[in-house]
Each structure stands twice: as structure tokens, then as C-alpha cells.
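From a predicted model like this one, the values you see are computed outputs, not experimental measurements. One-based numbering, in listed order, for ligands and for the atoms of each.
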Amino acid sequence: MKLSRTLLSAGVALLLAAPVAAQAKEYKVGLLLPYSGVYAALGKEIDQGFELAVQSRLGEIAGSTIEVVREDTEVKPPVGLAKTRKLILQDQVDVMVGIVSSGVLGAIRDFVHQSGTPLIVANAGNDDATGERCSRFITRVSFSNGQVNRPMGEWMHRKGIKTAYTLAPDYAAGHQMIETFSAGFKAAGGKVVGGEFTPFQTTKDFGPYLTKAKAAGAEAVFVFYAGGEAISFVKQYASFGLAESVPLYGSGFLTSPLYVNAEGPAAKGVITSLHYVPTIETPENAAFVKAFSAAYGRAPSEYAVQGYDAGQALIEAIKTGAADRAALAEALGKARFTSPRGPVEIDPATNNIVQNIYVFETVEGNGGLTQKILDVVKAVRDPVNGCQK
Ligand code: PHB
């Protein structure tokens, strides 16, 4: 399904006044996101962040145009691969942006690499995509699963938690998030006493899993859930009565500002970690929150920032005058931009972003639930993990 096409063109007046630069080009961008399924809200938020960056910085590529072709990956690896093939072979896009699910990223990686089409990953944390299966055509401006979770294992142990029980959906991201959290927790001296993976996208009742988690007798429960599954899980954790006896921790997608207010009071007191929260106090973030809120009527989440920075990286790459896909890929790997989330850089060894990780508690604020930053782990960089670009 072709969702829509947008043609973004830099000021006509400017074109008339000045001769068109030699490298002026029509860039075709494939936006590959879930516009349906459990991650649909995430896809929409990334899309809006991307649009905001491109619209507001379009003047910097005067003479060139950006045409956007949108495709729905749903949350299904075979669908994601079919849409990737369509964008590359039929639409002949110059560059692709998006991918939310680690499962979809794993499925398209080889085709993307072999076709030599640059891909800016705007969510999917699949560790392999910037590790063992890295590619000079893949640049990630979002996060890696390990980057978000490894520091949290150490942090929790430092706060006196010695035992934990884990839960996550049964697919690539669930496994990697739990594996890297557990590695950090164990390295610090903690013990994971048990855990389970729940069927992805089909689990509606977490009751049986919560019964087992309670019986395990751990001091804390650590989970990864996102989107619709996060809302159900957090609500059921509280209504099951577990929140009073065993505190809930997780990767911050669990209590994303995108849907934390749908979770309601059940989310209060949950402590998680993430690469962005809208409460970061810097002039860059204040400007971003203001611009995003003005455009869409709500505060931005981590997904909005990922879309925004994907747009910024694209603009920077186009500004180099990159004439073909290989040049675009190279420029993307070297892109420098100011992110609302704090200092960032693309690691030349892996093409994964280097960034701060914020540990935060969800608390009651003036206009609903908000994020209280408890700690910042600075400049978290992934190990090279076998990447040979
Ligand atoms: C992933 O599949 O990599 C993924 C999905 C949703 C998130 C984070 C990671 O919020």
C-alpha cells in the first residue's frame, strides 16, 4: 500500500533569484514505518518528527527537492522486506528512513546492504545491525538495545537491588534488551532469578506471567514492552497488586511520554532508562519541545526525536552535495547535528549513535505524568561487537 507522497521543495523565490547550484538534485526518500499494528503510534510519531526537521531545515538545501514515499511495514518482517524491495527496485529511492521493529530490521538488512541503498534507522535497536551484521549503508540515529539497557543493570545494582526477574515479548528486541540488561546486572554482582518471554503482539492477559514473577520472589521486576503492549502491561502490573510489593523497572519505552498518560496512575513510580525525555533542561531541547508542541499539540517523545534527528542527518548529508547513494551513505555515517537529547555523535566504527542514557522516574506533574531525571550515564558507546564495515 502506498500511503502518501509529499514533495518538499525549497523556496521558489530563492530559485528565481539565484542560479541553481550545480549539485541541485531531486532526492527520493522511502519512509518505512509501522502505520498499523501494536507499534502504529510509534510510526506516526517518528514520521511527524521527521517532517518537522525536513520542513524547518529545507531552506538549507535550496535548489534540491525531497520527495517522500511512505510504506507500511506493519510489525511483520516479511512485509517489511517486501516494502523495502518495492521502494528500492520500483520507486528507486535514494535513501530510506525508519524501521521500528528489530525483527523487521534483521529481515531487511541483507537486501539493504546488497542493494547499496543508505538506510537511516530511526528506531529499531537490533544490536546486530551495528555489530556483527553492520553495514556502511546503515546508520542508526536512534539507539541500540544494549546501549539503553546495559547501564540500567549497573544502576539498579548500585541502588541496592540484588535480584531481578525479567519479562519481554518473544522477538529479537525483547531478547536483546533482556540479555544486555542481565549482562550489566550480573557484571555488577546482581542475580537474575528467572524470566520469561511472552508471545509478541498476541498476549492480552499478562496474569499468568505475573503470577510466576511474584512466585520468583525477586527484589525487582525488569521488563521491555513498548506501544500497545506497554500500556496493557503497566496497567495489569498495578491491578494485579504486584507494584506494592515488587518495584517495576524497565527500558524507558515502557513509560514513554507518547502513551504514559494512557497508562495513568499505574505508571507512577516506575523507574526506567532511555536516551531522551522531554524534561531534559537545555536550550536545544526547550526549542525542540516548543516547535514540536506548536506543530502537533503535544510534547515530543523519544520516537519524535529519533524521526527529527533522522531528518537532520538527511539534510546534513544532502548539504554535502552527495550525488549518488554511495556518497549519501558515506555522508550519513559522518553526519554531525545538534540533537535535543544532548551531545551525540555517529561512531565511525559501527555507525551507531553515541549518546547519554537518562534514568528517570515517572511522577505526577502539573499537566499529567512527567519524567523526573534521577541520573545521567554520559556518552554511552557500544562495543564494536564484530562490526567490519
Ligand atoms: C525494537 O523492536 O527494536 C523496538 C521496538 C519498539 C521500541 C523499542 C525497540 O520502543
Side-chain angles (χ1 to χ4, degrees), residues 32-47 49 73-77 79-81 97-109 119-131 133 138 140-150 152 167-181 197-201 203 222-234 250-260 262-263 267 270 272-277 300-307 309-310 341 352-353 355 357-358 360 362 371 382:
L32 260 175
L33 289 166
Y35 293 98
S36 60
V38 280
Y39 290 158
L42 288 55
K44 183 177 167 202
E45 178 97 338
I46 293 169
D47 190 323
T73 57
E74 305 172 30
V75 190
K76 295 179 183 152
V79 173
L81 180 57
V97 176
I99 309 299
V100 163
S101 158
S102 282
V104 173
L105 183 53
I108 71 168
R109 184 270 170 207
L119 166 66
I120 310 174
V121 179
N123 187 72
N126 195 326
D127 289 319
D128 298 339
T130 48
R133 299 179 70 210
I138 299 178
R140 180 158 48 202
V141 299
S142 46
F143 59 89
S144 77
N145 294 332
Q147 186 178 42
V148 169
N149 295 288
R150 205 179 303 108
M152 193 59 174
L167 282 170
D170 190 9
Y171 82 106
H175 284 267
Q176 292 179 2
M177 303 241 187
I178 295 303
E179 199 177 292
T180 49
F181 159 76
F197 292 101
T198 56
F200 183 39
Q201 304 194 68
T203 305
F222 179 92
V223 307
F224 160 70
Y225 286 105
E229 289 198 324
I231 301 173
S232 309
F233 184 86
V234 169
S251 13
F253 312 104
L254 185 67
T255 50
S256 171
L258 181 59
Y259 39 75
V260 73
E263 295 170 350
V270 178
T272 58
S273 61
L274 214 48
H275 51 292
Y276 174 78
V277 282
S301 70
E302 67 278 17
Y303 305 111
V305 168
Q306 293 162 193
D309 285 348
R341 62 187 116 171
N352 193 49
I353 195 158
Q355 59 191 338
I357 296 297
Y358 301 87
F360 68 98
T362 297
Q371 299 73 34
D382 266 0

Per-atom contacts, ligand 1 versus F143 - under 4.0 Å to a heavy atom: 8 (C), 9 (C)

Y303 and Y259 aromatic ring geometry - parallel, tilted or perpendicular at 30°/60° bounds: tilted

With R133 via side chain to side chain donor-acceptor pair (under 3.5 Å) - residues at least two apart: D110

CA sep, side-chain torsions, deciding dist, call: D309, R341, salt bridge (charged side-chain N to carboxylate O under 4.0 Å, His left out): CA-CA 10 Å; D309 285 348; R341 62 187 116 171; 2.8 Å; yes

Heavy atom of the protein closest to atom 10 (O) of ligand 1 (residue, atom name, distance): Y303 OH, 2.6 Å

Closest non-hydrogen atom pair between A230 and F253, with its separation: CB-O, 4.1 Å

Winner among N145, N123, N126 once heavy atoms are compared against atom 7 (C) of ligand 1: N123

Residue portion contacting ligand 1 (non-hydrogen atoms closer than 4.0 Å) for M177: side chain

Numbering as shown, the atoms of ligand 1 that approach A226 to under 4.0 Å (heavy-atom distance): 6 (C), 7 (C), 10 (O)

All salt bridge (Lys or Arg N to Asp or Glu O under 4.0 Å) counterparts of E45, not counting sequence neighbours: R298

Ligand 1 contact on L105 by region, counting heavy-atom pairs under 4.0 Å: neither

Sole residue of N149, V148, V223 in side-chain contact (heavy atoms from CB on, under 4.5 Å) with M177: N149

Shortest reach to atom 4 (C) of ligand 1 by a heavy atom, considering only L42, V38, V100: V100

S144 versus T130, side-chain donor and acceptor atoms under 3.5 Å: no

Mode of A173 contact toward ligand 1 - side chain, backbone, both, neither (heavy atoms, under 4.0 Å): side chain

Polar contact flag, side-chain donor to acceptor under 3.5 angstrom, E302-S256: yes

Protein contact of atom 3 (O) of ligand 1 - nearest heavy atom, named by residue and atom, plus distance: S102 OG, 2.6 Å

Atoms in ligand 1 flagged as close to A124, the criterion being non-hydrogen separation under 4.0 Å: 3 (O)

For atom 5 (C) of ligand 1, the option (of F253, Y225, Y171) bearing the nearest heavy atom: Y171

